[in-house]
Asks: 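Before we start, here is the structure in question, set down as structure tokens.
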Amino acid sequence: MALRDILIHPDPRLKKPADPVSAFDRELHRLADDMLETMYEAPGIGLAAPQIGEMSRLLVMDCVKDDDEAPRPMVLINPEVVWTSDETSTYEEGCLSIPEQYADVTRPAEVKVRWQGLDGATVEEQFSGLWATCVQHEIDHLNGKLFIDYLGPMKRQMITRKMQKLKREKARA
């Protein structure tokens with residue numbers, strides 16, 4: 001396993017739709033392991049492959065926050081939302097590609113998602129609460145959409161400028 005660099009917005013790769021995964025091989029397992037390690041180290045609760053420059057429809061997540069509860073690392077390949085509740089919920093979202101910036105985003109409170117596991121088998125699960133928010137946020141990444149795209153233009157521009165400044169500072173360091 002290896003830690004991967006997380007792309008910082010604005011990076012054109014973060015705005016491109018990812019390609020479906022068709023090869024369920026050792027390389028895919030390695031990518032998933034690297035992504036989980038990178039996500040936990042960041043620390044975050046979700047990470048999509050485009051965030052590390054891999055343009056594949058793959059995401060990892062683990063929304064267990066209680067130290068007394070066992071971690072639940074999940075790897076979702078080619079995920080798609082197949083059902084959403086009419087009820088919505090609003091969470092203050094952040095993103096590893098947009099560090100230290102947070103905003104309220106309203107999404108369906110529950111979603112049913114279908115995806116493939118590392119073995120290629122189809123899985124389906126219904127998510128609610130933080131899990132629902134996280135899986136929708138990460139699937140958005142696979143479609144080239146960021147949480148700031150849900151914000152008004154002024155707030156989105158302000159955050160983008162902060163990220164450009166952060167990238168310049170990192171480049172100088």
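Along the sequence shown, residues are numbered consecutively beginning with 1. Everything numeric here is computed off the predicted structure, so don't read it as measured data.
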Asks: Who else is in the cluster with I77 when I, L, V, M, F, W and Y are joined by side-chain contacts under 4.5 Å?
Replies: I6, V21, F24, L28, L31, M35, L36, M39, Y40, L47, I52, L58, V60, V75, L96, L118

Asks: CD1 of I45 to SG of C63: how many Å apart, nearest 0.5 Å?
Replies: 4.0 Å

Asks: Out of curiosity, does V135 fall in the hydrophobic cluster containing W83 (side-chain heavy atoms, cut-off under 4.5 Å, transitive links)?
Replies: no

Asks: Take K65 and L130 through the test side chain to side chain contact (heavy atoms under 4.5 Å, CB included) and record every step on the way to the result.
Replies: CA-CA 10 Å; K65 290 186 154 199; L130 182 59; 4.0 Å; yes

Asks: If you look at every heavy atom in R57 and L142, which pair is closest and at what distance?
Replies: NH1-O, 3.0 Å

Asks: Working to the nearest 0.5 Å, report the span between CZ of R114 and CD of E80.
Replies: 5.5 Å

Asks: Side chains of E110 and S128: donor-acceptor distance under 3.5 Å anywhere?
Replies: no

Asks: Return yes if some donor-acceptor pair links the side-chain N/O of K15 with the main-chain N/O of P10 below 3.5 Å, else return no.
Replies: no

Asks: For L3, is there any backbone N or O sitting under 3.5 Å from a side-chain donor or acceptor partner on T38?
Replies: no

Asks: Before accepting this row, confirm whether a basic side-chain N of the pair D62/R72 lies closer than 4.0 Å to the acidic partner's carboxylate O.
Replies: no

Asks: For the CG atom on D119, are there more than 12 heavy atoms of other groups (residues, nucleotides or ligands in this structure) within a distance under 6.0 Å?
Replies: yes

Asks: With side chain to side chain contact (heavy atoms under 4.5 Å, CB included) as the test, would you mind laying out the steps for E93 and T133 before giving the verdict?
Replies: CA-CA 8 Å; E93 293 189 26; T133 297; 3.3 Å; yes

Asks: For G94 and Y102, which heavy atoms make the closest approach, and how far apart are they?
Replies: CA-CD2, 3.6 Å

Asks: Would a 4.5 Å heavy-atom cut-off, applied to side chains only, mark S56 and D19 as touching?
Replies: no

Asks: Do any N or O atoms from the side chain of E138 and from the backbone of A48 form a donor-acceptor pair under 3.5 angstrom?
Replies: yes

Asks: Without hydrogens or angle criteria, can the side chains of Y91 and R107 be said to hold a donor-acceptor pair below 3.5 Å?
Replies: no

Asks: Measuring from L14:CG to I148:CD1, what's the distance to the nearest 0.5 Å?
Replies: 9.5 Å

Asks: Would you list the atom pairs, donor with acceptor, under 3.5 Å between side chains in residues 151-163 and any protein atom, with sequence neighbours excluded?
Replies:
{"residue": "R156", "atom": "NH1", "partner": "L151", "partner atom": "O", "Å": "2.7"}
{"residue": "T160", "atom": "OG1", "partner": "H9", "partner atom": "NE2", "Å": "2.8"}
{"residue": "T160", "atom": "OG1", "partner": "R156", "partner atom": "O", "Å": "2.9"}

Asks: May I ask you to check whether over 12 heavy atoms, not counting those of E100, lie within 6.0 Å of atom CD?
Replies: no

Asks: W131, L76: one ILVMFWY side-chain cluster at the under-4.5 Å cut-off?
Replies: yes

Asks: Is there a donor-acceptor pair closer than 3.5 Å between any side-chain N or O of K167 and the backbone N or O of I8?
Replies: yes

Asks: Please determine whether residues V113 and L59 belong to a single hydrophobic cluster, defined as Ile, Leu, Val, Met, Phe, Trp and Tyr linked transitively by side-chain heavy-atom distances below 4.5 Å.
Replies: yes

Asks: Strictly distance-based, threshold 3.5 Å: is any side-chain N or O of D11 a donor or acceptor partner for the main-chain N or O of R13?
Replies: yes

Asks: For atom CD of E169, decide whether the heavy atoms of other residues, nucleotides or ligands shown that lie under 6.0 angstrom number more than 12.
Replies: yes

Asks: Hey, is the main chain of A132 close enough, under 3.5 Å, to the side chain of Q136 for a donor-acceptor pair?
Replies: yes

Asks: Could you report the tightest heavy-atom contact between A109 and S85, atom names first, then the distance?
Replies: N-OG, 3.3 Å

Asks: Name the orientation class of the two ring planes belonging to H137 and H141 (parallel below 30°, tilted from 30 to 60°, perpendicular beyond 60°).
Replies: perpendicular

Asks: Apply side-chain hydrogen bond (donor to acceptor under 3.5 Å, both in side chains) to the pair T90 and T106, showing each step before the final yes or no.
Replies: CA-CA 4 Å; T90 302; T106 301; 2.7 Å; yes

Asks: For S97 and P99, which heavy atoms make the closest approach, and how far apart are they?
Replies: C-CD, 3.5 Å

Asks: State whether R30 and E27 are salt-bridged, where the test is any N-O pair (Lys NZ or Arg NE/NH1/NH2 against Asp/Glu carboxylate O) under 4.0 Å.
Replies: yes

Asks: With heavy-atom distances below 4.5 Å as the criterion, would you say the side chains of E92 and D104 are in contact?
Replies: yes

Asks: Might you confirm whether atom CG of D66 has over 12 heavy atoms from other residues, nucleotides or ligands at distances under 6.0 Å?
Replies: yes

Asks: Say whether, by atom type as modelled, one donor and one acceptor occur between the side chain of E37 and the main chain of D34 under 3.5 angstrom.
Replies: no

Asks: Quick one: does N143's side chain have a donor or acceptor within less than 3.5 Å of a partner on D140's backbone?
Replies: no

Asks: Going through the checks in order, is the side-chain hydrogen bond (donor to acceptor under 3.5 Å, both in side chains) test met by Q116 and T122?
Replies: CA-CA 4 Å; Q116 291 170 282; T122 300; 5.2 Å; no

Asks: Applying a strict under-4.5 Å side-chain criterion to I, L, V, M, F, W and Y, I'd like to know whether V111 and M61 cluster together.
Replies: yes

